[in-house]
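Below, read A as the first sequence line, B as the second, and so on, with proteins coming before strands; counting in each chain starts at 1.
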There are 2 protein chains.
Amino acid sequence: MTGAGPYTVACLQTHPCFGDVAGNLARQRELLETAVGAGARLLVLPECCSTGYCFEDEREALSFSEELGRGPASELWLELAARHDVHIVAGVVERAGGAVYNSAALVGPDGVVGAYRKAHLWNREKEIFAAGDLGFPVYDTPLGRIGMHICYDAWFPEAFRLPALAGADIVCAPCNWVPVPGQPADQAVMASMLCMTGAHSNLLYVAAADRVGEERGQRFLGRSIVVDYGGWPLAGPAGADGEAIVYADIDPIGSRELRASNPFNQPLGDRRTDLYADLLGSTTKEQLA
Amino acid sequence: MTGAGPYTVACLQTHPCFGDVAGNLARQRELLETAVGAGARLLVLPECCSTGYCFEDEREALSFSEELGRGPASELWLELAARHDVHIVAGVVERAGGAVYNSAALVGPDGVVGAYRKAHLWNREKEIFAAGDLGFPVYDTPLGRIGMHICYDAWFPEAFRLPALAGADIVCAPCNWVPVPGQPADQAVMASMLCMTGAHSNLLYVAAADRVGEERGQRFLGRSIVVDYGGWPLAGPAGADGEAIVYADIDPIGSRELRASNPFNQPLGDRRTDLYADLLGSTTKEQLA
């Protein structure tokens, strides 16, 4: 496979208004057009970016859901991806088979490329969304092999490791990060560090788009970030307040040989799968208490 | 089990001289006595702390090896642990069954509690040491359930996850960290961040003792650190140069209930083991190139 060469990824840090799908999509269109105009070829939007996130219950989430490729958000992403020959990763409340998932859509110029459904549901999300049932798929695109995960997934190293093992060059992460209790003021936010160590321990890029603002009493964290495969920020973290577009030039395909030949860090090749059987165990904290 | 209550852990950042076992142990004795005098009940020493680390080959490593509990380093640790009623975790070049391992010994007042053998061998270590064959054992002590890993292991999230799944309250990590190429001056060192995200993503304490100095052209990183179960430094990182003792008060047993009831972060209970089968795959980077 020949490389696409370096290109620009953009993480769009948005401020959606709960339930105002038309207004949110209008603002998204402006920000997407701005990023495309600045040369971005891969654009990442936050979790549940067209609807808002703090649903009361499953029924309310269902009322804002759309089938992948067939609702108002999908239509915007499909239109812009086709017109501008770009790829878009965006969080969407997905309806499928009667269930509602907290999903990420990957849309390209030729249509929907694929989806990811959030595997690790956070806190009350378990009462609202069905648990993701797609695993951690990786989609081979002209921009590299793209894996996805969503927000709290990053708290699980498995959500970086599994895309890496499936060959991902980059993990695109729609997020609605919330402040972590106990965060010291003099330290990087834990979300940033999880992106950085996740990238470093898997030698892949991470592009995380987070939202800002407050919704039904829940504040969000901002701090959208693009991390290189060494684990260091290429751009961001953005601020905690206000919309932002975080741009970085990355080379997911062109860097493959360099990543594979790194003598200091072989995080996939040096794994000890012969010792890892317990990773599949069903041990839970309750059993350990 | 009743809790031991809070106690002091000490990470001893030493500057061993290659091959000078007697001198290194004499200095270790002084530092261990100092830490014990300051109230430490759990003491962590660096990787290969009595011998040095940059062996030419397996034969040289073997010439400095000792059987667990029966060599000059073990004798010092056993003596001090018994006299002062403390536990010591220390890196040792272990000889067993004709092989030489890069190991960590856990020694208590009643003798050797257990060992860990480095699972993920870094770079040239593969030519020198046999690969660890004990998995990631966790030892139940009066100071809590102690897991161990060594240096480069921290680059593998599995080396935090497996002790956590086995019930560890704390991971003690003897290290010989080396500078990571590309480390930006304005960021925390990657080793610190790996300890912090490893602790946070597994809700356990991490106590990492690293060495300083230079040996056969290889510099070491210092920056010994104790991290709380939320992922934040309790003490350290120490400096990059010079010996240091990093003290922190921790409560591994008393915090179990608090950790188990954290509504924001259930890194073990929220795992999706049904999706993790690929973590046991033998996929390597070479296959992905």
**Option that, when pairs with chain A are counted at under 4.5 Å, heavy atom only, ranks first among B:Met190, B:Gln187, B:Met196, B:Met193** = B:Met190
**Complete:** Among B:Pro233, B:Gly135, B:Ala119, the residue with the most heavy-atom pairs under 4.5 Å to chain A is B:Ala119
Any donor-acceptor pair under 3.5 Å from [X] side chain to [Y] backbone:
X        : Y        : result
A:Arg216 : A:Cys54  : yes
A:Ser255 : A:Pro252 : yes
B:Gln266 : B:Asn262 : yes

Heavy-atom pairs under 4.5 Å with chain B - which of [options] has more of them than the others?
options                                : value
A:Leu121, A:Asp133, A:Leu275           : A:Leu275
A:Trp232, A:Trp122, A:Phe136           : A:Trp232
A:Asp274, A:Leu134, A:Asn123, A:Leu162 : A:Leu162

**Request:** Could you tell me whether B:Asp270 and A:Lys126 make a salt bridge, using a distance below 4.0 angstrom between a side-chain N and a carboxylate O?
**Result:** yes
**Asked** Are A:Arg219 and A:Glu215 ion-paired here, with the side-chain N under 4.0 Å from a carboxylate O?
**Response** no
**chain B neighbours within residues 169-185 of chain A, where any heavy atom lies under 4.5 Å away** =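 Within residues 169-185 of chain A, near chain B: A:Val180, A:Pro181, A:Gly182, A:Gln183, A:Pro184.
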**Asked** Just checking heavy atoms, which of residues 152-160 of chain A are less than 4.5 Å from chain B?
**Response**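 From residues 152-160 of chain A, the residues near chain B are A:Tyr152, A:Trp155, A:Phe156, A:Pro157, A:Glu158.
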**Request:** Please report the closest heavy-atom contact between A:Cys48 and A:Phe129, naming both atoms and the distance.
**Result:**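 In this case the closest contact between A:Cys48 and A:Phe129 is SG-CZ, 4.4 Å.
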**Nearest atoms (heavy-atom pairs only) where A:Gly236 meets A:Ile225** = C-CG1, 4.2 Å
**Check: A:Asn102/A:Arg117 side-chain N/O donor and acceptor closer than 3.5 Å** = no
**Prompt:** Between B:Tyr53 and B:Glu125, is any side-chain donor less than 3.5 angstrom from a side-chain acceptor?
**Reply:** yes
**Asked** Are B:Lys118 and B:Ser103 side-chain neighbours, meaning at least one heavy-atom pair lies under 4.5 Å?
**Response** no
**Message:** Any non-hydrogen side-chain atom of A:Val226 less than 4.5 Å from a side-chain atom of A:Leu234?
**Reply:** yes
**Asked** Are A:Tyr229 and A:Tyr205 an aromatic pair by the rule of ring centers under 6.0 Å?
**Response** yes
